[in-house]
Amino acid sequence: MSPRASATRVDRDRMTMKPELAALITTALEQLVSQGVLAGLPDAGPQIDRPKDPSHGDLSCNIAMVLAKRAGIAPRDLATQIIDTLPDNTLIDRCDIAGPGFINFFVNASHHTAVVRTILESGLAYGKSNCGAGRQVQVEFVSANPTGPLHVGHGRGAAIGDSLSRLLEATGWSVQREFYYNDAGQQINNLALSVQARGQGKDPDHPDWPADGYQGGYIEDVAAAYMAGDSVQAADREITGAADVDDLDAIREFAVACLRREQDQDLQAFQVVFDEYFLESSLYDSGAVEETVTTLQAAGHTFEDQDALWLRTTDFGDDKDRVMRKSEGGYTYFVPDVAYHHSKWQRGYQRVINEQGADHHSTITRVRAGLQGLNVGIPEGWPEYVLHQMVTVMREGAEVKLSKRTGGYVTLRDLIDWVGCDATRYFLVARAPTSQLTFDVDLALARSNENPVYYIQYAHARCVSVLRKAAEIAGDAHVSAGLAYLARLDEPETLSLAVSLGRFPEVVANAAERLEPHDVANYLRELAADFHSFYNAHKVLEGAPETMQARLALVAATRQVIASGLDLLGVSAPDVM
RNA sequence: GCGGAAUUAGCUCAGCUGGAUAGAGCGCCGGUCUACGAAACCGGAGGUCGCAGGUUCGACUCCUGCAUUCCGCGCCA
C-alpha cells in the first residue's frame, strides 16, 4: 500500500465509529499476543464492514478468519477469544459469532443518533475531511475543440470532472480546473475553410466544399455574423467580423471566438467554471513545442525514417513508434500534447487528473511515453486518467441522433433545454464512468420516484417544509432543544435514517479516493429513501414535545446532508418544488 | 488482428477495491391520503451474476481462456 493510500484510510476512519471498534479489536489482539495465543499482529488493521443484513449487526469483522490459519485455531474459537478479550466500552451492546467466523457487532443506539448533533454542529463541514492536506491537484476536463457546440459526451465529461473537483475539494485538496483549448492545428483550418465556404454561399453539396469541412448549421450562423461585421465577445477576446471572405486568418480568428463564446455559454448554463483555459497556440508561441522536440532528441529517444522524425515510444510500452514531425515538416498532435503535459509538471502539479472520453484512451500511453522520454523526473503513472464511455440519448423510445444546431450530434445545450441543468448533471454523473450511458430524456423529465433527481430533491423540500411549519410555531428553538432527546429516536426507520446520515463522510472520502462521483449519487438515492420511509412511518409534528423536537433535529440533519451531497454533484437543493 | 471498456432481474443500473441468503428503481400484482407535501410509503412475484476452468476458509469481485457488444488503432486532432 502506498503512503498516500494508507494516509487516506486512516483519515477516513477517523470520522466514523469504525476506528473506535478497530481500536478495541486491536487492543484485544495485542492482549492475545501477549498471552501467546497469537504469534503477532496482522500487517494491516482489522477490516471492518457494514453488513447488508441487519441481523448481522451494525458492523462486522473478519479478523478471526484471517488470522485463524496462522494461529492454528479454528476461526470460530479464535473469534470467541477475541470477543472475551475486548476491553470494556460503551460502543458495543453485544456481539455474535456467525457463519464461518464473522464477529458481528451491535452498536449502542446512542452512537447512531449522536451523529445528528455532529451534523448540526458542523453544518457544511460535515462530510468533509482533509486527507488532501491542502496539496494541489489539477483536474483537466471537457477540453473540447473550438470547432462546434459541446456535445453530450462533453457534457458527461463536464459533469464528472466538476463533481470530481468538488469531491477533491471536500477532502482537502486544492483543486485547479483546467480546459485545454485546441486552437491550433488542422481542425481549426477546416473550421475556417468551412466558414469561408458558407460565406461564399456554398453548402456541403457544392463540388468545392472543403473535404473535411464542418457541415452543421452553426457554421452558417458564424459565416453570416462574420460577413455582417458583428462583434463577438468571448471570455478571452473580442473580435469583429472583417466581412472579407478572402481573409482566411480573419475568418479563423472570428470563428474560434464565436465557438468559444458558445461553449462558454453552454458551460455557464451547466454551472461549470474553469480556473484556466490553456491555449494550445501558446505552446507554439512560447517555443515549448520546439523545446519538447529538442529535449526528446537530446535524450536519444528519436530517430529519422522516411523523412519523418519518430519517437521510440515502444521503449515505454507503446505497441509501435510514433511520428513526431511529419515528412512535410509539421508536428503531429501528439507533440503539443506532450509539451502541454510537461507544462503541467513545470507548473508544479504533482498530481494531475485528466477526465476524457474513452475514445481518446490510446493517447494515454503516448503522452506518458513522451513524458518519460523527456527524462525530467515525471513518475511513470503520471498523469492519472478518468475515462468515460459513450453517451446515447433516448427520447420516446428511440435514439436521438440529430440536433438542429449541428445537423448531427446532440448537444449539451439540447439536454439542458429539454430537462434542465439539475437533471442533466445528475444523470450524466450518476453512472460509473466506465459504463456506457443511455440518457433517457423522458425519464429525466418524470416527476416520480423513477426519477432519482426529483426523488432526492423532493426529500429535501419535504425536510424544509416540516422545518418551516415547526418554525412557525416556535422558531428554530425546537431543533436545538431536540438534541437533548436524541434517545427518543429509537424506531427502526428512525435509526436506519441516522445510520445512513453517519455514512456520509465515508461515502465522500471513498468516492474522492476512487475518483467515482456516482457513489455520491447512489448514496443520496438511498438516503432519500430512508428519509421518505421515516417520514411516512412517523409524524414529526405530533406526539410528545421531546420526541417531536428530537425528530426535528433529525430532519434538520437530513436536510443538511442532502444539500451537501447534492452540492457535490453540482445539483441544486430546492426548498420548494 | 492489436489495445481499452463492458456483460448482474423483462428494462435501466448499483454492488463499498475477496465476505454471510447478490441489491435499487421502473414495469407487473396487491395495499396506504377528510393530507407535518401521495413528486411519497408498505407488501409480493421476478436471478445459473455471459460461458468454462483456476487461486482460497470464502469469488459478482482476483487470474487464465472463450463468446458477444461498444470504442480506439493515420506522417488526423
Side-chain angles (χ1 to χ4, degrees), chain A residues 5 47 49-53 55-56 60 62 65-66 68-69 74-75 98-102 104 145 147 182 184-188 190 212 280 305-310 318-320 322-334 336-337 357-365 387-390 392 394 430-438 440 443 446-452 454-455 457-459 461-462 464-470 493 503 506-507 510-511 513-514 516 518-519 521-523 525-526 528-529 531-542 548 551 555 576-577:
Chain A
Q47 181 188 329
D49 296 311
R50 291 179 183 268
K52 296 170 216 162
D53 185 340
S55 72
H56 293 149
S60 77
N62 63 357
M65 290 179 286
V66 174
K69 198 171 208 174
F102 291 103
N104 293 333
N145 293 340
T147 54
N182 288 104
Q186 188 54 42
Q187 81 281 5
I188 296 298
N190 291 338
D212 296 315
E280 181 189 8
D305 185 40
Q306 300 172 41
D307 296 327
L309 181 67
W310 298 67
D318 204 353
D319 57 341
K320 53 185 168 186
R322 305 291 167 178
V323 170
M324 299 169 63
R325 191 175 56 227
K326 299 177 269 187
S327 51
E328 45 88 349
Y331 294 117
T332 59
Y333 72 93
F334 133 79
D337 265 9
D359 52 340
H360 289 89
H361 104 91
S362 60
T363 67
I364 297 175
T365 310
L387 301 180
H388 65 259
Q389 296 287 328
M390 301 288 101
T392 53
M394 300 287 288
R431 300 266 129 95
T434 51
S435 67
Q436 295 176 42
L437 175 65
T438 302
D440 186 330
L443 177 63
R447 299 185 159 219
S448 68
N449 70 356
E450 68 188 290
N451 184 340
Y454 286 107
Y455 185 82
Q457 290 183 323
Y458 182 55
R462 266 184 154 176
V464 172
S465 176
V466 173
L467 293 167
R468 190 191 306 119
K469 276 215 157 52
E493 298 86 356
R503 281 173 52 214
E506 286 172 42
V507 170
N510 203 37
E513 184 185 342
R514 305 200 309 154
E516 295 192 337
H518 72 282
D519 288 350
N522 290 329
Y523 166 77
R525 182 72 180 69
E526 291 162 14
F531 173 72
H532 286 309
S533 292
F534 157 76
Y535 183 88
N536 276 278
H538 307 287
K539 296 283 184 196
V540 176
L541 298 178
E542 294 176 6
M548 177 189 77
R551 285 177 179 161
V555 170
V576 290
M577 296 174 66

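So you know, we letter chains A, B, ... as the sequences are listed, proteins then strands, and number each from 1.
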Taking atom types as they are modelled, is there a donor-acceptor pair under 3.5 Å from the base of [N] to the side chain of [X]?
X         : N      : answer
Ser327(A) : C75(B) : yes
Tyr454(A) : A39(B) : no
Asn104(A) : A20(B) : yes

Scan [X] against the nucleic acid and name what it touches under 4.0 Å (heavy atoms): base, sugar-phosphate only, or nothing.
X         : value
Tyr331(A) : sugar-phosphate
His56(A)  : base
Val507(A) : nothing
His518(A) : sugar-phosphate
His538(A) : base
Gln306(A) : base
Ser60(A)  : base
Asn62(A)  : base
Ala470(A) : nothing
Phe334(A) : nothing

Self-check item: Test log, rule side chain to side chain contact (heavy atoms under 4.5 Å, CB included), inputs Leu467(A) and Val555(A)
Solution: CA-CA 8 Å; Leu467(A) 293 167; Val555(A) 170; 4.0 Å; yes
Self-check item: Pair Phe531(A) + Tyr535(A): ring centers closer than 6.0 Å
Solution: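 Yes, the ring of Phe531(A) comes within the 6.0 Å limit of the ring of Tyr535(A), centre to centre.
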Practice problem: Taking atom C1' in both U69(B) and U55(B), compute the distance separating them and give it to the nearest angstrom. | Solution: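 That atom pair is separated by 29 Å.
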Practice problem: Respond yes when some side-chain nitrogen or oxygen of Ser435(A) is under 4.0 Å from OP1 or OP2 of A6(B), and no when none is. | Solution: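 Checking Ser435(A) against A6(B): no side-chain N or O falls below 4.0 Å of OP1 or OP2.
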Exercise. Tell me whether the OP1 or OP2 atom of C73(B) has a side-chain N or O from Ser362(A) closer than 4.0 Å.
Key: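 For C73(B), neither OP1 nor OP2 has a side-chain N or O of Ser362(A) closer than 4.0 Å.
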Close N/O contacts between protein and nucleotides 29-35 of chain B (under 3.5 Å):
none

Quiz item: Could you state the interatomic distance from CG (Leu309(A)) to CG (Asp307(A)), rounded to the nearest 0.5 Å?
Solution: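 Leu309(A) atom CG to Asp307(A) atom CG measures 11.5 Å (nearest 0.5 Å).
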Self-check item: Minimum-distance nucleotide to Gln389(A) side chain [options: G4(B), A39(B), G15(B)]
Solution: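 For the Gln389(A) side chain, the nearest candidate turns out to be G4(B).
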